[in-house]
Amino acid sequence: MSAESHSQLPAVGGMPWLEELRTLLGNRVSVAAAVRDHHRTGVSHHAGAPPDAVVFPESTEEVSAVVRICARHRVPAIPFGTGTSAEDHVAAVRGGICIDLSGMNCILAVNTEDFDVVIQPGVTRKQLNEHLRDTGLFFPIDPGADASLGGMTATRASGTNAVRYGTMRDNVVSLQVVLPDGRIIRTARRARKSSAGYDLTRLYVGSEGTLGVVTEITLRVHPIPEAISAAVCSFTTVADAIDAVIQTIQAGIPVARIEFMDAVQMQACRAYSKLDHPAAPTLFYEFHGTPAGVEEQAVLASSIAAENGGGIFRWASSSEDRSRLWKARHDSYFAALALRPGASGWPTDVCVPLSRLAECVALTVADLKESGLVAPICAHAGDGNFHLILLIRMDDPDERAAAEALCDRLVRRAHAMDGTCTGEHGIGLGKLKHMIEEHGDAVSVMAAIKHALDPLEIMNPGKLVPDLG
């Protein structure tokens with residue numbers, strides 16, 4: 001967006017806050033239809049809703065000033081990162097101001113001896129790892145998309161490395177947050193642990209912009225492993241593959257990644273990414289450590305796979321081969337779309353206890369066959385989290401209704417197994433209706449926290465916490 005396109009915007013009737021924003025940010029305020037439409041939703045099937053204006057702050061102080069204007073005029077404020085969320089987290093359902101944080105993308109400090117970094121929320125995971133490349137450190141949380149780390153914090157993101165390195169919950173040390181009244185707080189210091197007061201950091205990790213705007217993040221980073229090796233192994237059945245995962249975890253093998261793809265997803269990846277692996281239930285492994293440690297892990301994992309009917313381990317030890325392998329995994333969404341040209345992707349996820357994963361996937365496959373829907377399945381198998389990409393013609397109301405019904409059955413199935421409606425996509429608007437079923441009276445506690453911190457209900461309203469009336 002050019003400076004001219006913003007500076008020539010006319011005043012908008014009924015928006016007394018607009019001139020205050022323009023006085024504060026100048027041409028970094030937009031009410032242009034194309035800009036507002038770009039900020040209406042993430043990468044999902046949801047229609048979203050555009051904000052009344054989009055602002056582009058460059059500092060915590062500017063964010064604070066924007067939020068104070070919102071509070072003064074009781075106008076909703078919706079934080080926005082890179083727009084890669086899947087459950088309509090950024091839809092401006094009550095209008096308001098979208099706060100685009102992409103311009104706040106500075107890496108403020110790298111504390112190599114303490115294994116932490118301090119960044120602004122617009123920094124993306126690829127940008128951070130490129131910056132860290134010569135330090136011998138890396139940030140491991142990898143949800144696939146090159147999401148902003150502010151967005152990943154807000155949605156408590158996870159990804160392929162979570163089985164070894166944890167999720168954002170485990171890797172955020174401290175946050176700077178602008179509260180709904182414009183005050184600026186820091187949730188913790190950089191010490192590795194603390195027993196001083198409520199754990200406000202964990203409160204804001206996963207809060208989806210409903211309690212404030214994250215403007216600075218201190219993250220834990222990790223040493224780059226001395227040796228890395230990846231492998232792919234095909235299985236006859238889903239149950240065999242998941243049994244191999246369970247036994248690998250039970251054996252204490254510290255796999256960095258252990259990903260599952262069903263036969264439909266593998267067929268899609270074969271065609272899209274030019275893989276020559278069989279179109280069968282498949283596990284993707286990655287091992288980190290010393291050369292001797294990686295070799296030991298690999299031998300143990302391959303023997304467990306063989307005991308469960310797994311085929312030959314196909315290795316990828318060079319960085320080029322590993323990158324090609326994991327690029328195919330990350331491109332699984334686009335590979336799935338190619339299975340049905342003209343269809344749109346409807347991604348969803350659930351997470352169940354690891355011991356129930358094979359059963360949940362098998363029942364879901366049977367459900368898909370009965371419904372006639374096409375939906376490749378992939379899973380972060382090491383932590384019981386799996387994803388469907390329903391391929392739907394959005395202009396067909398029958399298909400949309402069938403997809404909605406299947407997603408509801410999937411969540412009920414996960415709940416029956418003591419699982420959750422989402423392992424990493426988050427709630428947003430898309431899964432709001434499942435919160436009471438999952439949390440019961442705890443939802444009223446969440447609502448009380450929301451009201452205490454945001455009594456005017458201006459922070460990303462209508463998301464995460466259901467309206468209890």
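The figures that follow rest on heavy atoms only: side chains count, while hydrogens, waters and symmetry mates do not.
Legend: residues meeting salt bridge (Lys or Arg N to Asp or Glu O under 4.0 Å) with Arg257, ordered by chain and number and at least two apart, are Asp142, Glu286. Annotation: ring pair (Phe, Tyr, Trp, His ring centres under 6.0 Å) contacts of Phe80 (sequence neighbours excluded): His39. With sequence neighbours left out, the salt bridge (Lys or Arg N to Asp or Glu O under 4.0 Å) criterion links Asp170 to no other residue. For Glu61, there are no salt bridge (Lys or Arg N to Asp or Glu O under 4.0 Å) partners at least two apart in sequence or on another chain. Taking Arg400 as the reference, nothing meets the side chain to side chain donor-acceptor pair (under 3.5 Å) condition, with sequence neighbours excluded. Taking Arg72 as the reference, Glu20 meet the side chain to side chain donor-acceptor pair (under 3.5 Å) condition, with sequence neighbours excluded. Every side chain to side chain donor-acceptor pair (under 3.5 Å) that Glu437 has, sequence neighbours left out, goes to His415. In this structure, the ring pair (Phe, Tyr, Trp, His ring centres under 6.0 Å) partners of Phe138, at least two apart in sequence or on a different chain, are Tyr165. Every residue two or more places apart in sequence or in another chain that forms a ring pair (Phe, Tyr, Trp, His ring centres under 6.0 Å) with His425 is listed here: His387. In this structure, Asp146 has no salt bridge (Lys or Arg N to Asp or Glu O under 4.0 Å) partners at least two apart in sequence or on a different chain. Ala71 is linked by a side chain to side chain contact (heavy atoms under 4.5 Å, CB included) to Leu456, Ile458, counting only residues two or more places apart in sequence or in another chain. For His46, the ring pair (Phe, Tyr, Trp, His ring centres under 6.0 Å) criterion is met by no residue, not counting sequence neighbours.
Interatomic distance, Ile141 CD1 to Asn129 CG, rounded to the nearest 0.5 Å: 10.5 Å. Considering CG of Leu339 and OH of Tyr272, their distance stands at 11.5 Å, rounded to 0.5 Å. Glu58 contributes atom CD, which lies 9.5 Å from atom CD of Gln120 (distance to the nearest 0.5 angstrom).
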Does the pair His439 and Val465 meet the rule for a side-chain contact (heavy atoms from CB on, under 4.5 Å), with working shown? CA-CA 11 Å; His439 292 289; Val465 182; over 6 Å; no
Show the numbers, then the answer: is there a side-chain contact (heavy atoms from CB on, under 4.5 Å) between His45 and Ile392? CA-CA 9 Å; His45 65 283; Ile392 303 297; over 6 Å; no
Chi angles and distances behind the side-chain contact (heavy atoms from CB on, under 4.5 Å) call for Glu62, Met104: CA-CA 11 Å; Glu62 286 187 345; Met104 294 177 61; over 6 Å; no
Does the side-chain contact (heavy atoms from CB on, under 4.5 Å) test come out yes or no for Gln176 and Val63, once each step is laid out? CA-CA 12 Å; Gln176 184 180 73; Val63 172; over 6 Å; no
Yes or no on side chain to side chain donor-acceptor pair (under 3.5 Å) for Thr167 and Ser158, after CA distance, side-chain angles and deciding distance? CA-CA 5 Å; Thr167 70; Ser158 181; 5.7 Å; no
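For the pair Trp17/Ile97, a side-chain contact is recorded, criterion being any heavy-atom separation below 4.5 Å from C-beta on.
Atom CZ of Arg329 is surrounded by more than 12 heavy atoms from other residues, nucleotides or ligands within 6.0 Å. Around CZ of Arg36, the count of heavy atoms belonging to other residues, nucleotides or ligands within 6.0 Å exceeds 12.
Salt-bridge check for Glu208 with Lys431: failed, with every basic side-chain N at 4.0 Å or more from each acidic carboxylate O. Note on Asp408 versus Lys433: salt bridge recorded, some NZ/NE/NH1/NH2 to OD/OE distance being below 4.0 Å. Taking the charged nitrogens against the carboxylate oxygens, Arg94 and Glu457 do have a contact shorter than 4.0 Å, which makes a salt bridge.
Checking each of Val123, Val118, Leu175, Leu128 against Leu219 for a side-chain contact (heavy atoms from CB on, under 4.5 Å) leaves exactly one that passes, namely Leu128.
With Arg190 contributing its side chain and Ser174 its backbone, the two residues share no donor-acceptor pair below 3.5 Å.
Among all heavy-atom pairs drawn from Val29 and Leu21, the shortest one is CG2-O, 3.5 Å.
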